[in-house]
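A short write-up of the structure that comes next.
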Amino acid sequence: MASLQQTISPTAPSPLPRLILGSSSRYRKELLSRLQIPFEVIVPDIDETPHPGESPQTTALRLALEKARAVALTAPNALVIGSDQVATLDGEQIGKPGNHENALAQLQKMRGRRVIFHTALCLWDSRQSQVEQAVQIENVQTFVTFRDLPDAELDAYLRIEQPYDCAGSAKNEGLGIAILEKIESTDPTALTGLPLIALTGMLRRAALPFFIK
């Protein structure tokens, strides 16, 4: 099931196939806008609770697939993007903190440590009748080392930026970069939530043209 459709493109006819971002994330919407390709947003209605005993990578991949599939079932002849991110420390999943207290506890636990962010991406081509042909899916890992900072600095950062809707409690594209020591990844946009290098590769394989004016 999917809901809340929003068009992020001109209404003029386009030679491009219909492109849909299946996400409620404003960060993913901003990232996808960089490609300057007309797209729509449809928010998938799925349960994002991790399954018991599920690894962080499996959770991210499963949810990316479920988000794309939920939207694709309502949108024939479209390319649907689903993505999900799970942060993990010592094998334990780190979710969105939701409030200041939880965010501070997360940063305290992660300071001086190396955290793995699994950013899963799925492109579902609903023009294809066979799932094997319709689905492209990939997990992009980002390794983030947090600075070993005192509580006062971590608390001050959170009160300024309030990244309570971000897994890991830090916005690397904003002030949060100041509490990070190192970012290691093959795709610099993966940490923000949508790996554009991987996505553009998938879109090319789906025959979506770029640089069309």
Side-chain angles (χ1 to χ4, degrees), residues 23-35 48-65 67 81-122 137-202:
S23 176
S24 61
S25 168
R26 67 180 186 274
Y27 307 113
R28 293 191 178 105
K29 185 166 66 175
E30 290 169 1
L31 284 169
L32 186 55
S33 297
R34 292 189 193 180
L35 301 184
E48 299 189 34
T49 305
H51 291 172
E54 192 173 47
S55 71
Q57 176 173 328
T58 301
T59 298
L61 286 167
R62 176 178 60 81
L63 292 178
L65 179 66
K67 290 175 183 179
I81 301 164
S83 186
D84 192 78
Q85 186 179 80
V86 177
T88 176
L89 178 64
D90 296 333
E92 179 183 344
Q93 295 195 24
I94 301 169
K96 298 175 183 178
N99 59 49
H100 184 88
E101 291 72 22
N102 291 340
L104 182 58
Q106 281 190 359
L107 292 182
Q108 289 170 331
K109 187 174 184 178
M110 295 185 297
R111 62 183 162 196
R113 304 290 304 280
R114 191 171 184 247
V115 179
I116 304 174
F117 287 78
H118 298 275
T119 307
L121 174 68
C122 178
I137 191 164
E138 181 178 346
N139 177 51
V140 179
Q141 293 188 33
T142 304
F143 302 90
V144 178
T145 303
F146 284 74
R147 294 185 185 277
D148 189 359
L149 300 177
D151 289 351
E153 282 199 51
L154 298 178
D155 182 78
Y157 160 68
L158 291 173
R159 294 189 184 281
I160 294 171
E161 192 151 65
Q162 301 184 9
Y164 307 137
D165 60 346
C166 299
S169 303
K171 293 183 181 180
N172 71 291
E173 72 278 18
L175 183 58
I177 199 71
I179 67 172
L180 305 182
E181 186 172 288
K182 184 190 298 184
I183 299 174
E184 304 165 83
S185 180
T186 59
D187 197 326
T189 55
L191 185 56
T192 309
L194 188 67
L196 293 183
I197 292 177
L199 177 59
T200 53
M202 291 181 178

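Quick note: numbers below take in every heavy atom, side chains included, and nothing from hydrogens, waters or symmetry partners.
- Between Ala167 and Phe117, the shortest heavy-atom distance links the atoms O-CE2, 3.4 Å.
- By the salt bridge (charged side-chain N to carboxylate O under 4.0 Å, His left out) test, Glu54 is found to be paired with Arg62, residues two or more places apart in sequence or in another chain being considered.
- When the salt bridge (charged side-chain N to carboxylate O under 4.0 Å, His left out) test is applied to Asp165, the partners found at least two apart in sequence or on another chain are Arg26.
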Worked check of side chain to side chain contact (heavy atoms under 4.5 Å, CB included) between Glu153 and Ile179: CA-CA 9 Å; Glu153 282 199 51; Ile179 67 172; over 6 Å; no

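- You'll find the side chain of Ile197 stays beyond 4.5 Å of the side chain of Thr186, heavy atoms only.
- Across all non-hydrogen atoms, the minimal contact from Gln93 to Pro50 is OE1-CG, 3.6 Å.
- Between Leu107 and Gly168 the shortest heavy-atom distance is CD2-O, 3.5 Å.
- For the residue pair Leu158 and Ser169, the shortest heavy atom distance occurs at CD2-O, 3.8 Å.
- Contact detail for Asp155 and Leu104: the closest heavy-atom pair is N-CD1, 4.0 Å.
- The backbone N or O of Gly112 lies less than 3.5 Å from no partner atom in the side chain of Asp148, so there is not a single donor-acceptor pair.
- Applying the salt bridge (charged side-chain N to carboxylate O under 4.0 Å, His left out) test to Arg147 and every residue at least two apart in sequence or in another chain returns nothing.
- Proximity of a side-chain donor or acceptor of Gln85 to a complementary backbone N or O of Ala190 within less than 3.5 Å is detected.
- The list of salt bridge (charged side-chain N to carboxylate O under 4.0 Å, His left out) pairs with a residue in residues 96-119, not counting sequence neighbours, reads Asp90-Arg113, Glu92-Lys109, Arg111-Asp151, Arg114-Glu184.
- Counting all heavy atoms, side chain and backbone alike, Ala170 lies closest to Tyr157 at CA-OH, 3.3 Å.
- Between atom OG1 of residue Thr145 and atom CD1 of residue Ile183 there is a gap of 9.5 Å, rounded to the nearest 0.5 Å.
- Annotation: side chain to side chain contact (heavy atoms under 4.5 Å, CB included) contacts of Thr88 (sequence neighbours excluded): Pro56, Ile116, His118.
- Here OG1 of Thr200 is found 10.0 Å from CE of Met202. Values are rounded to the nearest 0.5 Å.
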Working for side chain to side chain contact (heavy atoms under 4.5 Å, CB included), residues Leu194 and Thr189: CA-CA 6 Å; Leu194 188 67; Thr189 55; 6.0 Å; no

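- At least one donor-acceptor pair closer than 3.5 Å links the side chain of Gln106 to the backbone N or O of Gly95.
- Put simply, the side chain of Glu48 never gets that close to the backbone of Leu63: no donor and acceptor are under 3.5 Å apart.
- Taken to the nearest 0.5 Å, the CG atom of Asp187 stands 8.5 Å off from the OG1 atom of Thr119.
- Atom CG of Leu196 is separated from atom CG of Leu32 by 7.5 Å, given to the nearest 0.5 angstrom.
- Applying the salt bridge (charged side-chain N to carboxylate O under 4.0 Å, His left out) test to Glu181 and every residue at least two apart in sequence or in another chain returns nothing.
- The main-chain N or O of Ser83 is found under 3.5 Å from a side-chain atom of Lys67 such that the two form a donor-acceptor pair.
- Between Phe146 atom CZ and Lys182 atom NZ the span is 14.0 Å, to the nearest 0.5 Å.
- The CD1 atom of Ile94 lies 12.5 Å from the CG atom of Asn102; values are rounded to the nearest 0.5 Å.
- At least one side-chain heavy atom of Val140 sits less than 4.5 Å from a side-chain heavy atom of Ser185.
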